[in-house]
Amino acid sequence: MTAALDVSRRTFLVTSAAAAGGLALGFNLPFNGGEALAQTSPEINAWVVVRPDETVVVRVGRVEMGQGTLTGLAQLVAEELECDWDKVTTEYPTPGQNVARSRVWGNFQTAGSRGIRDSHDYMRKGGAAARQMLIQAAADGWGVPASECSVAKGVVTHGPTGRTTTYGKVADAASKLEPPKDVQLKDPKDWTIAGKPVKRLDTAEKLNGSQIYSIDVQRPGMLNAAIKACPVFGGKLKSFDAAQVEGMPGVRKVVSVGDNAVAVVADTWWRAKTALDALPIEWDEGPNARLSSESIAEMLKEGLTAEQTFVGNQAGDVKAAIAGAAKTVEAVYGFPYQHHATMEPMNATALWTNDRCEVWTATQNAEAALATAASAAGLPVGQCEVYRLNLGGGFGRRATSHDFVRQAVLIAKQMPGTPIKMIWSREEDMLHGYYHPVTQAKLVGALDADGNLTGLHMRISGQSILATINPQGLQNGRDPATFQGLNPSGTEGVLGYTIPNLLIDHAMRNPPVPPGFWRGVNNNQNALYLECFMDELAHAAGKDPLEFRRRLLVNHPKHLAVLNAVAEKAGWGTPAPQGVHRGLAQHMGYGSYVAACAEVSVDESGKLKIHRIVAATDCGHAVNPQQIEAQIEGSFAYGLTALLHGEITLKDGKVEQENFDTYPIMRMDEMPAVESIVMPSGDFWGGVGEPTIFVAAPAVLNAIYAATGKRIRSGPLANADLRRA
Amino acid sequence: MASLTINGTVHEVDAEPDTPLLWVIREQVGLTGTKYGCGIAQCGACTVHIDGVATRSCSLPLSAVTPEQKIVTIEGLSPDTSHPLQKAWLELDVPQCGYCQSGQIMAAAALLQANPNPSDEDIAAEMTNICRCGTYNRIKAAIKLAAAQSRG
């Protein structure tokens, strides 16, 4: 029968009235029948709690989904705090607490490779302030000036007398001190914990099944729900015949969810799903019932030559340059819809009563999840709460929309007082994604008689994410995110090439398919289009692709440096192994500079083997180099999955790929060796979770051209014939 | 009622005979380390051992398992996370999100049981579980590390 699980390790911070006095109560939230263990520990400040046993709890607003942010941010706090790294642990404040404390923990959104680059400053200051307070408390206890005291690994020493004490002993006194008004941060060159390849803090529980993901949550008296929404985008629920399934084992209730979905609630999820599969449902498929990949492609194709566009980057007179060119090169590229396909399908557990709504879920933005929960619950935000679990993958899906939270709350609202865990089947997850948007691009390049690039027109046609997800982010109708990595200036993603006559513009065409932020977002196709076309231009100019790029990158030394680094390490210009061919790409996004050199071979039957990727990243500061390497490898797995296999197609208004049999994911046998060059140049903070994905596909495509003479301009490669031209 | 031997303990479970073993393990027995990923034996997140053989439990009905068969889940691989693979995984910081890792470790354990000294090719051929975070190279390295350490 039911076995009790030892899951008491997962701690949550829960506020109570007592917290208003500056004291936080941290206690374990009971899961699966575990008992709540009350532990009162003083809070030095919002970021740091030191327990009497010397455990240092670092509170993190951002969330962990595999990218290592939790460990990286803890390293930065511990560095300034001067505590014992071996005693550091982390916990998540809730969004309700963040709201109640004037967003003291900052932005919870964990997307755009912002986990560290947008949090390092306030978190390091939090660590430094706590250090000063702890030293002051020790000094006060001894009646000596703080200036005579020093600290190492959480042990405070009074220099003149040699007396020592520990953070755990003075934490209570420190928590009562006024926080310092100003703190001095360490010079990164003096770092001893940050900047080092320390092990992650969250590995052990991932090796024995003890980490509780959102899908594993258990609440007392909980029931389970399976759900189906209209498979056609924009369609509605017309009717369902609950009587047909109400007598099935375990079934408790069949409910409509909003205007487009129906759910079965049962004692177990499998019984709920079994009944849902047997439930007769009629859909009103609505206006998109004839939508297909072909109709969407036509819509985008029209945009390639449209007159009305939004401009992203412009210099000189590109029309004149093309008209007066010694040689022009023209090509049309495309990038199909992709699915996030997180390993953990969307799910949430909700408990609704007349005056309170609580949600347990995996989210990249718990504040948005809280707002969604409150709206669905029909309750003020102050009467709602969201508890965060580590994510079984995010990749942007769990930042784009909290549709799954809304559904869980709408179900729970129909069963007041009963916690409802709603889990999407893989099929439901595939059909109701927020897909990497679809675009095409037409590029025209102008070369002079010496093979110099004198003009470039890059016309992007296709879907804007912001137009659907966040229309307030548009600028007079223009979606600035469309031009990621192509911008003339700024710190986020600048075009590295200096081209005298340039036009990069966007014809926005928005098919009725929900778009989302998918790891790398618009950098993926922008880098693919531009870097493959640069390769085409180099060959048309009769120049080496590396030399061709180098001349155009002279004004952007950081772009150039990562490209040079991969070329040197990969041995560009020296013979590759027999049958192996190389391709290059570089790009800048999320504040970081990246480049890759891919080595591939293609056999006579057209079978591709990606042997090796050499990848360089300059992310300014490298907080944990071994985790950056893990992110680089992961970026290639994700980006190359899209290139090799990834394509969501539509027929009759719905997605055709319902599971991993028709939406294949790269497996180990396709994974190349990845050699990472982490080369932080030190004067800025760039992201690492996404950037190297940008160069994955173009580097491989350029290597395929070198191997076969074939230009593949749209993925996935599963559709392409790679036999030598 | 059906009887299952999981991690050395006999469990009486109340589930329909066509219920996939995965959901019996997760919902009736309450061991949630074994994960749901696809339900069609594609991703391997649900991998458990049945009499030592790596099996995708999402596609195996309860009725196909006898009480005598020994089912081992990730929770039962070792009493204290001390299996050579678990130690190697820790040493090389393999997991990212971790969701697929129970299945990866169980698949790797069965691989090493059958082939204590696998080549890179053996590993790539046998390890067909999906990892969306892309930990494949570290998984491969950890399997080789565990194999080397087991050889002493």
Side-chain angles (χ1 to χ4, degrees), chain A residues 1-5 32 64-68 199-200 202-213 215-216 218 224 249 268-271 274 341-345 390-395 423 425-427 626-627 630 633-638 659-661 665-669 671 673-674, chain B residues 9 11-16 18-20 23-24 26-40 42-43 45 73-75 77-78 80-81 83 85-86 89-90 93-102 105 123-125 127-140:
Chain A
M1 301 306 292
T2 303
L5 295 182
N32 299 349
E64 182 60 49
M65 50 189 159
Q67 82 284 29
K199 296 255 172 65
R200 293 175 65 119
D202 56 345
T203 299
E205 57 266 39
K206 292 172 179 170
L207 307 180
N208 57 19
S210 65
Q211 173 158 314
I212 298 299
Y213 295 84
I215 200 170
D216 305 324
Q218 292 290 327
N224 292 271
T268 70
W269 184 78
W270 183 256
R271 285 171 171 157
T274 302
T342 58
M343 291 305 295
E344 180 191 15
N390 286 346
L391 284 64
F395 312 118
I423 305 172
S425 66
R426 176 59 59 190
E427 290 76 13
Q626 67 98 355
Q627 279 305 303
E633 290 182 18
S635 291
F636 281 99
Y638 211 76
N659 209 318
F660 294 134
D661 53 346
I665 306 297
M666 169 195 271
R667 296 171 200 259
M668 189 184 284
D669 63 346
M671 181 72 191
V674 177
Chain B
T9 303
H11 297 264
E12 300 297 325
V13 297
D14 173 22
E16 289 66 59
D18 61 353
T19 307
W23 292 101
V24 177
R26 286 182 58 83
E27 301 201 289
Q28 266 86 10
V29 181
L31 294 172
T32 55
T34 306
K35 295 297 190 252
Y36 167 63
C38 68
I40 58 168
Q42 281 282 317
C43 75
T73 70
I74 187 69
E75 291 90 345
L77 185 64
S78 68
D80 50 2
T81 322
H83 188 282
L85 284 165
Q86 290 168 317
W89 246 248
L90 193 60
D93 242 5
V94 172
Q96 290 188 28
C97 90
Y99 191 82
C100 75
Q101 298 292 335
S102 297
I105 292 169
I123 295 170
M127 292 295 293
T128 58
N129 291 26
I130 292 173
C131 171
R132 202 65 171 120
C133 299
T135 63
Y136 296 124
N137 290 348
R138 288 197 186 192
I139 288 174
K140 192 190 289 178

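Chain identifiers are assigned alphabetically (A, B, ...) following the order of the sequence lines, protein sequences preceding nucleic acid strands; residue numbering begins at 1 within each chain. Predicted model only: the values in this text are computed from it and were never measured.
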Quick one: does any side-chain atom of B:Y99 pair with a main-chain N or O of A:T342 as donor and acceptor, under 3.5 Å?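 No: the side chain of B:Y99 does not pair with the backbone of A:T342.
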Counting distance only, does the side-chain N/O of A:N208 pair as donor-acceptor with the main-chain N or O of B:T81 below 3.5 Å?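 Here the side-chain-to-backbone pair does not exist.
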For chain B, which of [options] has the most heavy-atom pairs under 4.5 Å?
{"options": "A:G209, A:P345, A:A673", "result": "A:G209"}
{"options": "A:K206, A:Q67, A:M668", "result": "A:M668"}
{"options": "A:E633, A:M666, A:E344, A:Q627", "result": "A:E344"}

Identify which of B:T34, B:D80, B:I74 forms the greatest number of heavy-atom pairs closer than 4.5 Å to chain A.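 Option with the greatest count: B:I74.
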Between B:M127, B:K140, B:K35, which shows the greatest number of heavy-atom pairs under 4.5 Å with chain A?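 Most heavy-atom pairs under 4.5 Å with chain A: B:K35.
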From [X] atom [atom1] to [Y] atom [atom2], the distance as rounded to the nearest 0.5 Å:
{"X": "B:Q96", "Y": "A:D202", "atom1": "CD", "atom2": "CG", "result": "10.5 Å"}
{"X": "B:D93", "Y": "A:T203", "atom1": "CG", "atom2": "OG1", "result": "4.0 Å"}
{"X": "A:I665", "Y": "B:R132", "atom1": "CD1", "atom2": "CZ", "result": "4.0 Å"}

So do the side chains of [X] and [Y] get within less than 4.5 Å of each other, counting heavy atoms only?
{"X": "A:L207", "Y": "B:P95", "answer": "yes"}
{"X": "A:Q626", "Y": "B:R138", "answer": "yes"}
{"X": "A:F660", "Y": "B:I130", "answer": "yes"}
{"X": "A:R426", "Y": "B:Y36", "answer": "yes"}

Decide yes or no on side-chain contact (heavy atoms from CB on, under 4.5 Å) for B:E27 and A:N224, but give the supporting numbers first. CA-CA 10 Å; B:E27 301 201 289; A:N224 292 271; 3.8 Å; yes
Derivation of the side-chain hydrogen bond (donor to acceptor under 3.5 Å, both in side chains) call for A:N659 and B:Q42: CA-CA 9 Å; A:N659 209 318; B:Q42 281 282 317; over 6 Å; no
Anything under 30° is parallel, anything over 60° is perpendicular, the rest tilted; go ahead and classify B:W23 against A:W270.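 Judged by the thresholds at 30° and 60°, the geometry between B:W23 and A:W270 is parallel.
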What part of [X] gets within 4.5 angstrom of chain B, counting heavy atoms only: side chain, backbone, both, or neither?
{"X": "A:M343", "answer": "both"}
{"X": "A:T274", "answer": "neither"}
{"X": "A:L391", "answer": "backbone"}
{"X": "A:F395", "answer": "side chain"}

Which residues satisfy the side chain to side chain contact (heavy atoms under 4.5 Å, CB included) test with A:S635, sequence neighbours excluded?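 Only A:R519, A:T692, A:I693 meet the side chain to side chain contact (heavy atoms under 4.5 Å, CB included) criterion with A:S635.
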Could you work out, with side chain to side chain contact (heavy atoms under 4.5 Å, CB included) as the rule, every residue matching A:D669, not counting sequence neighbours?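 By the side chain to side chain contact (heavy atoms under 4.5 Å, CB included) rule, A:D669 matches A:R667, B:A124.
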Contact summary for B:Q28 and A:T268, nearest pair of heavy atoms: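 Heavy-atom minimum between the residues: NE2-CG2, 3.9 Å.
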Criterion side-chain contact (heavy atoms from CB on, under 4.5 Å) on A:D216 and B:R26, from CA distance to verdict: CA-CA 8 Å; A:D216 305 324; B:R26 286 182 58 83; 2.8 Å; yes
Name the region of B:T19, side chain, backbone, both or neither, that has any atom closer than 4.5 Å to a heavy atom of chain A.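 The answer is both parts of B:T19.
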Using heavy-atom distances under 4.5 Å, tell me whether B:I123 contacts chain A through its side chain, its backbone, both, or neither.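 Both parts, backbone and side chain.
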